[in-house]
Peer 1: 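Shown below is the structure under consideration.
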Amino acid sequence: MIAEIGLYCLILALITSVAQSVLPMWGAYVRNARLMSVASSAAITQLALLLISFGCLILAFVRSDFSVEVVAANSYTLQPLFYKISSAWGQHEGSMLLWVLVLALFGAAVAAFGNNLPDTFKARTLAVQGMIGVAFLAFIIFTSNPFARLPFAPEEGNGFNPLLQDPGLAFHPPMLYLGYVGFSIAYSFSVAALIEGRVDAAWARWVRPWVLASWCFLTIGITAGSLWAYYELGWGGWWFWDPVENASFMPWLIGTALLHSALVVERRHALVNWTLLLSILTFTLSLIGTFLVRSGVLTSVHAFAVDPSRGVFILFMILGASGGALALYAIRARTVQNGPPFAGVSREGGILANNLLLLCATAIVFLGTFYPLLIDALTHDKISVGPPYFNMAFGPIMLCVGGLMALGPFLRWRSDVAKVAAKPLQMPAITAAAFGLLVTIVGKSVPAGLGFGFAALIAIGLVVWFVKRTRLGKVPFKQSATMARAFPRATWGFLGAHLGFAIAMVGITAMSAWETENVAVLRVGESTTLGRYEFRLASTDITRGANYEAERLTFDVFESGKAEGQIESERRFYPERQSFTTEAGIRPGVLANLYVVYSDAGPAGGYTVRVNRHPFAMWIWIGGFTIAGGGMISLTDRRFRVAGLHKPSKAAPAIPGGTAAA
Amino acid sequence: MRPVFMLFALLLAAQTLTASAQERAVPEYSAELEAEAREVGKSLRCVVCQNQSIEDSAAPLAADMRQLVRERLAAGDTPEQVRAFMTTRYGNFVLMKPPFQLDTLLLWLGPGLFLLLAGAGWFVYLRPRAQTPGLPEDLTADERLRLSRHLPDEAGS
Amino acid sequence: MSDAPISTQRQLPRWFALIPVGALAVIIGFFAVGLTRDPHTLPTMMVDRPMPEFQLQQLTDDIPNLTSDQLRGHVTLVNVFGSWCVSCVAEHPMLMELSRQNLVTIHGVDWRDTPREGAAWLNRYGNPYASVGLDADSRLAIDLGVTGAPETFLVDKAGRVRYKQIGPITEEIWEETLAPLARSLEEEPQ
């Protein structure tokens, strides 16, 4: 019964979204208020229906209803409740349901909080959002029905993929989807703006918080996913340039560009056209990512169940959604007023350069990810594009982004003189260059020196910016503190996010330059060394988990002969899936993580043990989360609340001293 | 039923195959050779896995390939020769870093091309022209007023 | 406000706006082609190359070991299999049938196996092979560019590989691809 209710709600949601996409659009055309008002109620109804539907799926998992195909294939009776629930979105069908649920959530949020949007604009935005809903709901119902029943219910389910039985999975996909799908709002806003043919000053205030929120979620999702891969997959890697990872990274890169260009629209009403294009492209890349993950055109370590017929469906969606929007853009973009002009050297010019660099970075990731496909299509040859390519092509661009990031905040809006703007950066640049040189010599690595140097440039630049802005040292401290307190939240957000980038840069650079590794076959009592560390296999034992058996190896760790505690590394065997997982033994540290995994027992009864030292590894994820944290702080800025939740105040408050949330 | 996760299939395959691999005694190699072999291994893609180097992979064929890499290096092959050995048997697919050749021209020149285009775009769009500074003439008074209200003043920015 | 000259942004030519949609069309085109390709199968590097020299371990005393010389002089099939391989079980009746009708000489490469398990497997399902060699550490398999089992190589009289079949040989594949090719190879002068 529950599965039928779930499916029924899905079908109703599809019908609702058809109404949501057609009636308000027509209503906006003929200026019929009643037709336009359908949009909001339809959006909220859709959310309610999909909540029920998703609830039904979770209930089917909790009750282990094996007559439902996805439950039988992905759950089993003894599975802990937590993983019964999270396995509801741990497979293709359920995760697509989560996808549309998030889509509906964003639609309903616009409906609920968008009271101060012009009526026609709101109606058109929601109608476009409804169209995306129609496509995805049809996709689910016709190609990936999560409620499909089996003719005969098996006694016991197949169990959930052990690799996914981890708290990481419970959070990683929902966060990713909140990001991915959230960009649909920016898309809908842009398409609505193109239909209307005008973008007024309030438009950017409207779009930016949505973009910012989505971007924060995506940042968290990617960072969490990387952390999860690090401790669960047991290769000690944190990023593999795998197609599925790139699928989420491309929207992030271009979303970052969008975030900054929307700032220019908001503050200066310039780059309007460009921002519209970026909104469409960002969501297009989200769709392409979905295509890549679900269609199996490329092989990936994290692949979902793949099925070319689903690929065809999604391809048509891209054709409709992105093709339609870009065609509309080609026709209408000229009618949209662009704002006041600006000089090449100016805050706007800097952000445009940042946008172009990020677009280049996106294009490189895209080229590398899909090049094997291109070659296969043209010549039937198969090639691989692996990490060496991406690191070579991507690294230099990120250094440029870093340099621009340091300079950007010092540039004035509209027009500036390069020499004057760069003056405060003189001291940071010299310091950073010296630091980078030192790192190069001591660390024997030029890339590491560059990475550390640019990270230092950004960080010192931020400090100088802060000192300059609060006139620290020039006026009494109390006065500086008052000025700092008067900073809008967005300014703190910018400081946090940029600092996070510098932190992540340190971790990434160090990991790629100085990671060390040793492999040895050990028996109990024997030890191996790695630099000044010694790892002694102290004991082995067998433990039982809720639905697995684990073999645990305990290592005594010595640093320069001094006992430094223990590391435990596990291999778990899940009988219901007849498969193993690796739980890496990790001793996290600020300067380096120690990482121990062991593979199959060696020839003479020992264990093949791999020990790694991962320098500055934690900085990668701390940096990632700091970036997201900065975005979150920025999101609480008063101006967004003005724009988002309340009636707009008559005159936008002019903030003394200006804000720089670049 | 179709296996739902490719990874799962992979693990299962790896597991059923490991039995035979364990029976061979592994000769020890020097630390330098081991390090060199690991570098070579990281540059070779496992042909039966989804997207891993032979060094990272748990698949049995990858283990045999690792072994072969070590033997060839021990026999005096350079890393380049070992990679060439694998390429003649499995094609360019095994190379994590694609070779620079005619059909990868776009791949290798692409990044530079993108940067060039972006730079050109920036200059073309922002090319300074001798025109009057200030707000453009095509704004109406009303628009100017609206604009000025939405913009914070410029001081300090 | 500074007095530096400010550019008026150029109104870009109209066709600029068509670039994104054009690029998308090209990309979708490639995706569509990509959907028809299987990313897992690698192109064969071995075709038209001589079979490499190899030394294999004899599986059991009752079946002759496979040696390089056996692949000269007449057209043969070299089938890579293993007792751990599920698809090989599915393919096996077809090989038995070919051997029973004496349509072609089939040699077996027992890949990544143990003598005990390999022999037991042949006992259980029957032996269609004229000779079998054990390739426990993938030496020959890697030389042949094998990625999975079963894989079958059609070898001509001169001992050159002329065709590689990835995955099980079905009746259809035999009738339509392998048999005609084998016949034409038989007629080639050595």
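Scope of the values below: all heavy atoms of this structure, side chains included, with no hydrogens, waters or symmetry mates. Here is the naming used below: chain letters follow the sequence lines, and residue numbers restart at 1 for every chain.
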Peer 1: Heavy-atom cut-off 4.5 Å, strictly under: side chain, backbone, both or neither for Asp381(A) against chain B?
Peer 2: side chain

Peer 1: Write out, in numerical order, the residues from residues 94-101 of chain B with a heavy atom short of 4.5 Å from a heavy atom in chain A.
Peer 2: Leu95(B), Met96(B), Lys97(B), Pro98(B)

Peer 1: Using a 4.5 angstrom heavy-atom cutoff, name the option from Gly110(B), Ser43(B), Ser57(B), Ala118(B) with the most pairs to chain A.
Peer 2: Ala118(B)

Peer 1: Walk me through it: do Thr528(A) and Asn518(A) pass the test side-chain hydrogen bond (donor to acceptor under 3.5 Å, both in side chains)?
Peer 2: CA-CA 8 Å; Thr528(A) 184; Asn518(A) 194 9; 3.2 Å; yes

Peer 1: Is Leu357(A) close to chain B through its backbone or its side chain, or both, or neither, when contacts mean heavy atoms under 4.5 Å?
Peer 2: side chain

Peer 1: Does the side chain of Phe342(A) reach to within under 4.5 Å of the side chain of Arg268(A), using non-hydrogen atoms?
Peer 2: no

Peer 1: Once you round to the nearest 0.5 Å, how far does CD of Gln81(B) lie from CE of Met86(B)?
Peer 2: 13.5 Å

Peer 1: Check side chain to side chain contact (heavy atoms under 4.5 Å, CB included) between Ala363(A) and all other residues, then give those that pass, not counting sequence neighbours.
Peer 2: Phe114(B)

Peer 1: Are Tyr389(A) and Trp108(B), when compared by the centres of their aromatic rings, separated by less than 6.0 Å?
Peer 2: yes

Peer 1: Taking atom CG of Leu102(B) as the centre, report whether more than 12 heavy atoms of other residues, nucleotides or ligands fall under 6.0 Å from it.
Peer 2: no

Peer 1: Determine, for Phe580(A) and Arg571(A), whether the Lys NZ or Arg CZ falls below 6.0 Å from the six-membered ring centre while staying within 45 degrees of the axis.
Peer 2: yes

Peer 1: Pick whichever of Pro396(A), Ala353(A), Ala393(A), Ala361(A) has the most heavy-atom pairs under 4.5 Å with chain B.
Peer 2: Ala353(A)

Peer 1: Check whether Val70(A) gets within reach of chain B through its side chain, its backbone, both or neither, counting any heavy atom under 4.5 Å.
Peer 2: neither

Peer 1: As an exercise, state the distance from OG of Ser384(A) to CG of Leu44(B), rounded to the nearest 0.5 Å.
Peer 2: 10.0 Å

Peer 1: Need one label for Glu517(A): side chain, backbone, both or neither, based on atoms under 4.5 Å from any heavy atom in chain B.
Peer 2: both

Peer 1: Heavy-atom distance under 4.5 Å to chain A: side chain of Leu113(B), backbone, both or neither?
Peer 2: neither

Peer 1: Using non-hydrogen atoms only, which part of Ile375(A) is less than 4.5 Å away from chain B: side chain, backbone, both, or neither?
Peer 2: side chain

Peer 1: Taking 4.0 angstrom as the limit, do Arg70(B) and Glu34(B) come out as a salt bridge?
Peer 2: yes

Peer 1: Go through it in stages, so that I can follow the logic: the residues are Arg83(B) and Glu80(B), the test is salt bridge (Lys or Arg N to Asp or Glu O under 4.0 Å), and I'd like the CA-CA distance, side-chain angles, deciding distance and then a yes or no.
Peer 2: CA-CA 5 Å; Arg83(B) 275 190 279 267; Glu80(B) 255 340 293; 3.0 Å; yes

Peer 1: Can you confirm whether Trp465(A) sits close enough to Pro409(A) that some side-chain heavy atom of one is under 4.5 Å from a side-chain heavy atom of the other?
Peer 2: yes

Peer 1: Heavy atoms only, distances under 4.5 angstrom: which of Leu107(B), Asn92(B), Leu117(B) has the most pairs with chain A? Name it, please.
Peer 2: Leu107(B)

Peer 1: Would you mind telling me which of Val385(A), Ile397(A), Asn355(A) has the largest number of heavy-atom pairs within less than 4.5 Å of chain B?
Peer 2: Val385(A)

